[in-house]
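These notes concern the structure reproduced below.
For this chain, numbers begin at 1 and follow the sequence in order.
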Amino acid sequence: MQQKVRFQIEGMTCQACASRIEKVLNKKDFVESAGVNFASEEAQVVFDDSQTSAADIAKIIEKTGYGAKEKTEDTLPQPEETAHVSWRLWLLFAINIPFLIGMAGMMIGRHDWMIPPIWQFALASVVQLWLAVPFYKSAWASIKGGLANMDVLVTIGTVSIYLYSVYMLFFSPHAAHGMAHVYFEAGVMVIGFVSLGKFLEHRTKKSSLNSLGLLLKLTPTQVNVQRNGEWKQLPIDQVQIGDLIRANHGERIAADGIIESGSGWADESHLTGESNPEEKKAGGKVLAGALMTEGSVVYRATQLGSQTLLGDMMNALSEAQGSKAPIARVADKAAAVFVPAVVGIALLTFIATWLVKGDWTIALMHAVAVLVIACPCALGLATPAAIMVGMGKAVKHGIWFKDAAAMEEAAHVDAVVLDKTGTLTEGRPQVAAVYCVPDSGFDEDDLYRIAAAVEQNATHPLARAIVSAAQARGLDIPAAQNAQTVVGAGITAEVEGVGLVKAGKAEFAELTLPEFSDDVWRIASIVAVSANGKPIGAFALADALKADTAEAIGRLKKHGIDVYIMSGDNQGTVEYVAKQLGIAHAFGNMSPRDKAAEVQKLKAAGKTVAMVGDGINDAPALAAANVSFAMKGGADVAEHTASATLMQHSVNQLADALLVSQATLKNIKQNLFFAFFYNILGVPLAALGFLNPVIAGAAMAASSVSVLSNALRLKRVKIE
C-alpha cells in the first residue's frame, strides 16, 4: 500500500543538495516518487509501506549526509527560531575589515593601506584552515554522493587562490625581493560574501517566505481556564477538551469550541479571508486563532492543536509549500549539470587565458572568478520561493491549495464551471409555492409531512428547506426507513403509513407539472413527490443570489475567463440565473455524468478548466477538471477530490485563487529568467576577466538574495 511521508531536511546548502537526495531516493524500487524542496527544506516521499518504513527512508537520507526528521499531522508545525548572526560569521566580518580597507585603498592608488603580506597570510590561514571547514565538508559530502553543489565551486576557487598566494609568498623567485603578488584578500572576501549570502538566504527562507510563523502566533500561549470552579491562567498545552475557557476583548481564541455564555464579535479572517468580524453568542462556534474585537465569551473546547481548523490549515499549508511545481523541473534539470559544467568552463578559461595572455596568474584569477560567480542556488530557489509566498498569500485570502502543481495549473485557467445552488446562490432556498395533484388523496400538510420524512435523510439544500418548512408548520414528521439516494435524480424511502415515497426531479417522481401562471414555477427549483408510484405534488423553491456573485463573475470575465453554469436544476431556472449574471453558457438538467462529460468537452476544445462545487454530485466533474475548487463544509468527497478548498462559499474567492496563482506563476518566470540571465551573463564576463573573484563572490551572494526578494514582492501584489 502506498503511503506519503514528509521530512524536514537539515544540512542542504544549495539546489544540488536537494537534487542529490531526490536522485538517491528515486533509485529505490520501493519509492514511487520523491521530491525535495530546497526553499522549504522539506522532502515528500511516496513509498510502498509493505517493503519499507518512514524510519528506513529517514536513514537513507541521513546516509547521504543530511538530517531527516519526519513531519506528521498530529502536531502543529513548530515556530522557527530567529536566525542570529553566528560567532563564525562575526569573526569572518572582523577578518574581512582590514582586507576591505586595503582594497578600497588600492582603488584610489593607496597600496600602502593593505596590511603586510605575512599578516595577510595569517588571517587568510585562519579563514581557509578553520572558518571555511563547513564548505569543505559540504563539498566532500556532495562529491561522495555523486553530485557537486555550490560549495564545490567555492572550495575549488578559494583553495586555489590560497595555495597560489602561499606559493608566491614563500617559494616564488620574487619572494626574496618582497615583490610577490599575493591574493589572500580574494579568498577571504569570497568566503565572507558567500557566508553572508547564505545567512541572508537562510533567514529569508525561515521567516519572510514562510507564512506559518505568522499563523503560529495566532494561538495564545496562556489562557483563562475554569478548574474546580475557579478561573486560572494556564499554558495552552495544559488545556483539555471539555475545558471552559474565557476570551475577553483583544484576546485570541485558543481552541475550536462552542460558546456557553457571553457575546461579542470575532475576527476570523485568518481562516476565511473575510475581513468583517462575525457576531458570536451562546450556542455559536468559535475557531482557534480568532481575535475577539468586541465583548467577552466563555466557550467549551471541542478541538485542540492540530485538530482545530487552524491546525488543519497550518498542516495543509506546510505540506503544500513543501511540494514542487512542474515548472521547477526546468531548474532541476539545469542544476543537475550546472556545477560540472561550470568546473569545465573554469578549466577551459584557465587554459585559454594562459595561452592568450601568457600569464598563469591572470589565468588562475579568471578561472576562480568563473567558479565563484556561478550560482545554482538562484536557480533552485526561483520556483519554490515564489510558491511559498504565493501559498501564504492564498491562505490569507481563505484559499487552501493542496499542492504547488494545483496552484501552477490554476494560473492557466481560462474557463470556469460553476454549480448553481450553494455556489452562485445562498444555498438556503425557501419554499415559494406548493402544488398538490388533484384527487391524489393528500392535502398540502400531508405533502409536507411525506416529503420531509424522506428529505430528512438527504443533505442537499433543497431537502433541508422542505424539512425546515414542515417543522415551521408544527407538523409531525413520520418515520422513514431504507432511504436510498439516486445520484442526480432524488431520494427514495419507505414512509410509515404511506409506503414507498420518491422525492426529487419531476421525471423521477413521474410528475408532469401543469402550465402555471405564476412565474416562480419557471425559475424556481422543483422537488416533486410521489407515493407508491403515483405523483402527489411538488414544491417550488427559490434561492437568492449571493451578494457578491455578480461582482465575482465580472472579475472573471474582466480577466478573459469564460464562465459556465452547470446545474441539476431545470433549464429555465438555470437560464434565469445566467441572465441575471450575464453568463452566456448555461446548462440545466445535468446529471453528475453530464457535468463531467461537458468538462471533458471543454478540455478537448483546448480550454484549461476550473470546476467549483460543494456537493456529492459535483465530485465527478471536479475530478474531470484541470483544477477544481470545493467549498469548505460541503460534501467530504468534494473536498477530497478538489485541488483546493475555498473557506468562504463565494465565487469571489475563486477569482482571488486564480489571480493569486497567475501572480505567482508570473513571479516564478521572473525568477527563472533572472537566475538564467545572471549565470549566462556572469560566467562569460568572469571568464573574459571583467570580474575579479571578490566582485564575483559578492555577485553570487547577491543573486540568491535577489531571487528571494523578488519572491517577497508577491506579498504586496494587489489582487483585483
Side-chain angles (χ1 to χ4, degrees), residues 76 79 211-227 229-314 317 392-400 426-428 544 546-549 551-552 631-633 645-650 652-653 656 715 718-719:
L76 291 175
S211 300
L212 284 172
L214 296 175
L215 294 176
L216 287 166
K217 294 177 182 178
L218 297 178
T219 304
T221 56
Q222 299 282 327
V223 292
N224 287 311
V225 182
Q226 190 179 77
R227 291 284 170 84
E230 296 182 4
W231 290 100
K232 297 181 178 180
Q233 191 88 355
L234 296 177
I236 184 65
D237 58 6
Q238 293 185 21
V239 176
Q240 301 173 0
I241 290 178
D243 278 346
L244 286 177
I245 306 172
R246 183 170 59 202
N248 298 322
H249 168 70
E251 295 180 343
R252 290 198 178 272
I253 303 296
D256 289 357
I258 304 296
I259 298 174
E260 296 286 330
S261 63
S263 63
W265 293 79
D267 180 357
E268 297 176 343
S269 59
H270 64 296
L271 291 173
T272 65
E274 173 57 59
S275 57
N276 295 325
E278 292 279 338
E279 185 178 9
K280 300 296 178 182
K281 51 189 177 182
K285 293 181 179 179
V286 288
L287 300 174
L291 176 67
M292 292 299 300
T293 57
E294 289 184 34
S296 174
V297 296
V298 174
Y299 60 97
R300 190 174 300 277
T302 58
Q303 299 288 352
L304 299 169
S306 64
Q307 302 305 310
T308 64
L309 190 58
L310 175 62
D312 185 35
M313 181 175 73
M314 284 194 282
L317 177 60
K393 191 174 185 70
V395 163
K396 286 185 178 179
H397 282 79
I399 305 148
W400 300 7
E426 291 287 355
R428 294 190 296 270
K546 292 179 179 177
D548 64 348
T549 296
E551 176 195 351
M631 304 292 189
K632 187 68 176 177
T645 301
L646 305 179
M647 297 306 295
Q648 296 179 41
H649 287 222
S650 168
N652 242 333
Q653 207 165 52
D656 291 340
K715 291 187 175 183
K718 291 184 178 180
I719 305 301

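- The heavy-atom pair separating Ala254 from Val223 by the smallest distance is CB-CG1, 3.3 Å.
- Side chains of Thr308 and Leu287 form no contact here, defined as non-hydrogen atoms less than 4.5 Å apart.
- Remark: side-chain polar atoms of Lys232 are not paired, donor with acceptor, to backbone N or O of Val225 under 3.5 angstrom.
- The two residues Gly264 and Met292 make their nearest non-hydrogen contact at CA-CE, 4.2 Å.
- Proximity of a side-chain donor or acceptor of Lys280 to a complementary backbone N or O of Lys285 within less than 3.5 Å is detected.
- Side-chain contact between Pro235 and Gln222 is present, with heavy atoms from C-beta onward closer than 4.5 Å.
- Between Gln653 and Ile399, some side-chain heavy-atom pair lies under the 4.5 Å cut-off.
- Here the closest heavy-atom approach between residue Thr293 and residue Ala266 is recorded as OG1-N, 4.2 Å.
- Ile245 and Ala301 make their closest contact through CD1-CB, 4.1 Å (heavy atoms, listed as atom of the first residue, atom of the second, distance).
- Atom NZ of Lys393 sits about 9.5 Å away from atom CG of Asp656, to the nearest 0.5 Å.
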Checklist line | CA sep, side-chain torsions, deciding dist, call: Ile241, Leu304, side chain to side chain contact (heavy atoms under 4.5 Å, CB included) | finding: CA-CA 7 Å; Ile241 290 178; Leu304 299 169; 3.9 Å; yes
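- Interatomic distance, CG of Leu244 versus OH of Tyr299, reported as 10.5 Å (0.5 Å rounding).
- Shortest non-hydrogen contact noted between Val395 and Trp400 is CG2-CD1, 4.5 Å.
- Partners of Glu551 under the side-chain contact (heavy atoms from CB on, under 4.5 Å) rule, at least two apart in sequence or in another chain, are Asp548, Arg555, Asn652.
- Among residues at least two apart or in separate chains, side-chain hydrogen bond (donor to acceptor under 3.5 Å, both in side chains) pairs with a member in residues 242-260 are Arg227-Asp243, Asn248-Ser296, Glu260-Arg300.
- Using a 4.5 Å heavy-atom cutoff, the side chains of Leu309 and Met647 are in contact.
- The local environment of CD in Gln233 is crowded, with over 12 non-hydrogen atoms from other residues, nucleotides or ligands closer than 6.0 Å.
- Closest non-hydrogen pair, Pro220 versus Ile236, comes out as O-CB, 3.5 Å.
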